[in-house]
Amino acid sequence: MSYIYAQQTYSTKNKTAIKLYEQAQEELKNGYKGNRKENRYDEAIELFEKAIKKDPKFTEAHLALATNYQIFGKYYDKMLYHYEQAVKS
């Protein structure tokens, strides 16, 4: 049996921004396995922010930041800002 995997397509072509974004996603994924002490939320947020600095029109990074701000109930103004930026991108 063979598998075909689709490569993720992003709104940016900036490889550094993509790498930072994927690292942030991995931090979130790994941080929620079991022990709450392993929460990597702050590290993920920092990586998403760095990805946006590399490409301010990186829609997926804006959406990820806004969603995480919303989930954790932090930084309402930042959440709105990043949702707005995602729509503009």
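All heavy atoms count here, side chains included; hydrogens, waters and symmetry mates do not.
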Participant: Nearest 0.5 Å, what's the OG1-CD1 distance between T12 and I18?
Facilitator: 5.5 Å
Participant: Any non-hydrogen side-chain atom of Y21 less than 4.5 Å from a side-chain atom of E26?
Facilitator: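 A side-chain contact is absent here, since even the closest heavy-atom pair is not under 4.5 Å.
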Participant: Just by modelled atom types, is the T59 backbone N or O under 3.5 Å from a matching donor or acceptor in the S11 side chain?
Facilitator: yes
Participant: Give the minimum heavy-atom separation between A17 and K54, together with the two atoms involved.
Facilitator: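 Taking every non-hydrogen atom into account, CB-CB, 3.8 Å.
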Participant: Among K88, Q70, K78, which residue satisfies the side-chain hydrogen bond (donor to acceptor under 3.5 Å, both in side chains) criterion with Y83?
Facilitator: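 Result: among K88, Q70, K78, Q70 is the only option passing the side-chain hydrogen bond (donor to acceptor under 3.5 Å, both in side chains) with Y83.
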Participant: I'd like to know whether Y10 forms a side chain to side chain contact (heavy atoms under 4.5 Å, CB included) with E22, so could you lay out the CA-CA distance, the side-chain angles of the two residues, the decisive distance to 0.1 Å, and finally the verdict.
Facilitator: CA-CA 11 Å; Y10 295 109; E22 290 176 345; 2.8 Å; yes
Participant: Applying the side chain to side chain contact (heavy atoms under 4.5 Å, CB included) test to F48, which of L20, T67, L63, N68 qualifies?
Facilitator: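 Only one option passes, and that is N68.
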Participant: Would you mind reporting whether I52 and H82 have side-chain heavy atoms less than 4.5 Å apart?
Facilitator: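 When only atoms from C-beta onward are counted, I52 and H82 do touch, with a gap below 4.5 Å.
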Participant: Linking I/L/V/M/F/W/Y whenever any side-chain heavy atoms sit under 4.5 Å apart, do Y75 and M79 land together?
Facilitator: yes
Participant: Kindly write out the residues that satisfy side-chain hydrogen bond (donor to acceptor under 3.5 Å, both in side chains) with Q23, not counting sequence neighbours, or none if the list is empty.
Facilitator: none
Participant: CD of Q85 to NZ of K57: how many Å apart, nearest 0.5 Å?
Facilitator: 9.5 Å
Participant: Run K53 and E49 through salt bridge (Lys or Arg N to Asp or Glu O under 4.0 Å) and show every step you take.
Facilitator: CA-CA 6 Å; K53 284 182 182 174; E49 289 173 346; over 6 Å; no
Participant: I want to know whether Y76 and Y69 have ring centres closer than 6.0 Å.
Facilitator: no
Participant: Identify the two heavy atoms, one from A61 and one from A51, that lie closest to each other, and give their separation to 0.1 Å.
Facilitator: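 Smallest heavy-atom distance, with atoms named: CB-CB, 4.4 Å.
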Participant: Apply side-chain hydrogen bond (donor to acceptor under 3.5 Å, both in side chains) to E27 and Y41, showing your working.
Facilitator: CA-CA 7 Å; E27 288 289 338; Y41 170 77; over 6 Å; no
Participant: When rounded to the nearest 0.5 angstrom, what distance separates NZ in K19 from CG in N14?
Facilitator: 12.0 Å
Participant: Applying a strict under-4.5 Å side-chain criterion to I, L, V, M, F, W and Y, I'd like to know whether L47 and I71 cluster together.
Facilitator: no
